[in-house]
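Proteins get letters first, then strands, A, B, ... in listed order; numbering begins at 1 in each. Just so it is clear, the structure is predicted and the values come from calculations on it, not from any experiment.
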There are 2 protein chains.
Amino acid sequence: MGTTQLEKVPEPKYWHLKTVLMDALDSEFEVGEILPNERELASRFGVARATLRQALEQLELEGRLQRRRGVGTTVAPPRVGVFVGPTSGSWPGAADDAWLTVGCVEAAAPAAVAHMLGTGADEPVHTVRRIRSMGGQSVATELLYVPGASVPGLPSDLTPTDHVPAVLRELHTLGLDGEDRAVELGSARAEDAKQLDRLPGAPVLVVTTRYVSGGRVTAVAVATYRADTCRLTFGDSGAMEITHQGQERHAAAS
Amino acid sequence: MGTTQLEKVPEPKYWHLKTVLMDALDSEFEVGEILPNERELASRFGVARATLRQALEQLELEGRLQRRRGVGTTVAPPRVGVFVGPTSGSWPGAADDAWLTVGCVEAAAPAAVAHMLGTGADEPVHTVRRIRSMGGQSVATELLYVPGASVPGLPSDLTPTDHVPAVLRELHTLGLDGEDRAVELGSARAEDAKQLDRLPGAPVLVVTTRYVSGGRVTAVAVATYRADTCRLTFGDSGAMEITHQGQERHAAAS
DNA sequence: GAGTGGTCTAGACCACCTC
DNA sequence: AGGTGGTCTAGACCACTCG
């Protein structure tokens with residue numbers, strides 16, 4: 001008797017809290033507006049701050065909120081669509097490239113990358129760090145790995161300034177047979193996090209691109225996109241004429 | 001004097017804990033092995049259980065651990081690569097399709113989907129739920145939305161058993177101009193979570209596919225992949241001959 | 001029933017930003 | 001200096017799985 005509902009599974013507080021906040025965001029808040037602080041919200045909903053934070057964390061994960069230490073929690077704009085590929089037959093560093101080179105070192109690649117390139121685990125490769133921005137803020141960082149064997153024509157005496165353009169120029173002299181990509185979830189390493197203006201451990205979408213030339217993988221790019229603000233788009237023949245803009249809210253995030 | 005390190009930024013405990021655990025996973029544990037329980041681990045490392053859990057959460061997000069209530073925490077196998085596209089010129093439900101239909105309803109699509117389809121917000125559309133499995137476990141669920149206007153030849157009197165095949169058969173009679181996709185991070189809704197054997201709110205990769213035919217978007221699929229166990233792969237011309245297997249550990253996930 | 005991970009609490013202190 | 005979110009603690013109870 002008396003049981004008003006026959007819910008087999010009692011909904012966790014933070015889950016219910018999340019839906020309540022989502023509705024409030026849709027109806028009562030504008031993009032960019034700042035929310036009351038966490039202590040205030042927690043007491044207003046009658047829960048502990050940790051519980052409230054669990055709800056906020058999920059909303060941030062879904063791109064609905066943006067939280068910044070020392071500042072506050074604001075309503076996030078819709079995720080921006082960033083075009084990832086395929087860009088048939090164009091090497092990184094082409095004229096229409098969306099990336100900006102910010103540095104370059106010659107170092108051993110991570111084991112997984114070395115394996116894809118077929119190089120030795122400790123063999124130094126050209127490593128170019130690049131950044132991709134949209135609308136004034138950085139959305140991704142990338143490490144592009146090019147083994148020396150892929151650019152045999154490269155002069156040996158290069159100033160750091162000349163280094164990157166030279167490597168890319170050598171790449172462009174090669175035919176590009178194709179590229180393939182993999183997308184997975186990761187958490188931002190300290191260095192990436194700093195360049196993306198996020199805390200270490202923030203959720204990111206990791207895009208690994210293999211560039212194939214002459215039947216071999218000649219370069220590998222590992223790009224790290226902010227998962228909270230980005231929606232990765234993959235275009236295809238025929239479909240591109242229809243723009244993908246104006247999509248205000250996505251179906252399956254929550 | 002006594003400061004052994006000159007770290008400007010004191011590393012959070014859970015962050016350090018995570019790296020320690022990662023090293024331990026690499027060197028001292030086998031895939032599938034179960035770890036000591038959380039209370040045990042917390043006291044062993046001299047931290048509160050909540051702090052330990054913060055580290056475990058990140059490792060699970062990165063696909064290194066698998067936690068199951070009532071069972072324990074186990075070392076996860078490497079993520080499986082699931083091919084997503086492009087599958088040029090093939091509608092969902094083709095013979096080589098990786099999906100299994102599990103249900104079908106006729107209901108109003110979410111606002112974002114209705115917008116992409118160009119249908120009214122409350123207009124019912126055919127909604128097919130499908131599941132994708134790999135290696136015996138479900139890795140994704142999908143909702144395929146097909147507005148009635150896209151399949152005008154569909155008979156009106158259909159038993160539920162005949163419904164799905166009929167809808168897909170009608171689709172296949174149309175030419176497919178192309179498809180494009182978007183990938184973003186989301187959290188599993190209750191229904192999806194259940195079919196993926198995860199808890200609600202688990203991180204998922206949401207793949208939205210638009211099928212274009214005759215200059216119009218004739219169908220939209222929203223697929224929800226387990227982010228912890230999946231790596232989405234996008235193939236391309238020329239590159240496919242090189243297999244992408246045997247990649248034991250990925251570079252940028254932490 | 002025993003043991004596991006999941007949720008929740010009520011505090012405390014810290015790092016960061018802005019005024 | 002004061003306010004924000006980020007980290008951390010030491011508990012408690014619940015939901016689930018399994019023998």
Side-chain angles (χ1 to χ4, degrees), chain A residues 6-19 21 33-61 64-76 187-188 190 193-194 197-203 228, chain B residues 7-19 21 32-61 64-76 187-188 190 193-194 197-203 228:
Chain A
L6 25 95
E7 305 223 357
K8 44 183 70 168
V9 173
E11 204 172 42
K13 272 190 189 178
Y14 78 92
W15 187 261
H16 177 248
L17 204 49
K18 190 182 114 177
T19 69
L21 287 169
E33 202 172 342
I34 72 175
L35 270 61
N37 71 54
E38 296 183 349
R39 292 162 179 85
E40 162 73 17
L41 282 176
S43 78
R44 186 180 300 185
F45 287 107
V47 299
R49 190 176 158 221
T51 303
L52 174 83
R53 278 180 60 82
Q54 213 170 339
L56 294 184
E57 254 150 45
Q58 285 222 354
L59 289 172
E60 188 180 31
L61 191 85
R64 308 278 320 238
L65 292 180
Q66 197 161 346
R67 296 147 84 200
R68 298 181 59 179
R69 169 155 56 177
V71 179
T73 302
T74 60
V75 181
S187 47
K194 195 160 68 176
D197 191 27
R198 300 257 58 196
L199 289 178
D228 56 343
Chain B
E7 306 222 359
K8 47 182 68 169
V9 172
E11 205 172 40
K13 272 190 188 179
Y14 78 93
W15 187 262
H16 178 249
L17 203 51
K18 189 181 114 175
T19 69
L21 286 168
E33 201 172 342
I34 72 172
L35 271 60
N37 71 53
E38 296 183 348
R39 293 162 178 86
E40 161 73 18
L41 281 176
S43 79
R44 187 182 296 187
F45 285 108
V47 300
R49 189 175 158 223
T51 304
L52 174 82
R53 277 180 61 82
Q54 213 169 340
L56 294 184
E57 253 150 47
Q58 285 225 352
L59 289 172
E60 188 180 30
L61 191 86
R64 307 280 317 240
L65 292 180
Q66 196 160 347
R67 302 193 293 168
R68 298 181 57 178
R69 169 158 50 180
V71 179
T73 302
T74 61
V75 181
S187 46
K194 195 159 68 176
D197 191 28
R198 300 256 60 197
L199 289 178
D228 55 342

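- Of the side-chain N and O atoms in B:T51, one or more sit less than 4.0 angstrom from OP1 or OP2 of D:dT9.
- Here A:N37 does not reach the OP1 or OP2 of D:dG3: none of its side-chain N or O atoms lies under 4.0 Å away.
- Of the candidates B:R64, B:R53, B:K18, B:Q58 forms a side chain to side chain donor-acceptor pair (under 3.5 Å) with just one, namely B:K18.
- Going from atom CG of A:L52 over to atom C1' of D:dG6 covers 14 Å, rounded to whole Å.
- Here the straight-line distance linking atom CG of B:L65 with atom CG of B:D228 works out to 10.5 Å at 0.5 Å rounding.
- When each of B:V71 and A:A48 is assigned the nucleotide of DNA chain C with its nearest heavy atom, B:V71 is the one assigned upstream, toward the 5' end.
- For the pair A:G70 and A:A50, nearest-nucleotide mapping onto DNA chain D gives the more 5' position to A:G70.
- Atom-to-atom, CD of A:E57 to P of C:dT7 comes out at 12 Å; the value is rounded to the nearest Å.
- A salt bridge links B:E60 to B:R198: one of the charged nitrogens lies within less than 4.0 Å of a carboxylate oxygen.
- The nearest whole Å value for the distance from the NZ atom in B:K13 to the P atom in C:dC13 is 15 Å.
- When the C1' atom of D:dT9 is taken as reference, atom CD of B:Q54 falls 12 Å away, rounded to whole Å.
- Remark: B:R49 CZ is packed, more than 12 non-hydrogen atoms of other residues, nucleotides or ligands lying under 6.0 Å away.
- With D:dC8, C:dG5, D:dT9 as the choices, the nucleotide that has an atom nearest any side-chain atom of B:V47 turns out to be D:dT9.
- In this structure, the nucleotide among C:dT9, D:dG5, C:dG6 sitting nearest to the side chain of B:R69 is C:dG6.
- Rounding to the nearest 0.5 Å gives a distance of 10.0 Å between CG of B:L52 and CD of B:E57.
- Between A:E40 atom CD and D:dG3 atom C1' there is a gap of 13 Å when expressed in whole angstrom units.
- A:L41 has its CG atom 17 Å from the P atom of D:dG3, to the nearest Å.
- Note: CZ (A:R49) to C1' (C:dT7) measures 18 Å, nearest angstrom.
- Contacts of A:L199 with the nucleic acid, taken as non-hydrogen atoms under 4.0 Å apart, involve only primed sugar atoms and P, OP1 or OP2.
- Among the heavy atoms of the strands lying under 4.0 Å from A:R68 are primed sugar atoms or P, OP1, OP2 only; no base atom is included.
- Comparing D:dC13, D:dG5, D:dC8 by their closest approach to the side chain of B:Y14 singles out D:dC8.
- C:dT7 atom C1' lies 15 Å from atom NZ of A:K18, rounded to whole Å.
- Between the side chain of A:R39 and the base of D:dG3, no donor-acceptor pair of N or O atoms lies under 3.5 Å.
- Between A:T73 and D:dG5, a side-chain N or O to OP1/OP2 separation shorter than 4.0 Å is present.
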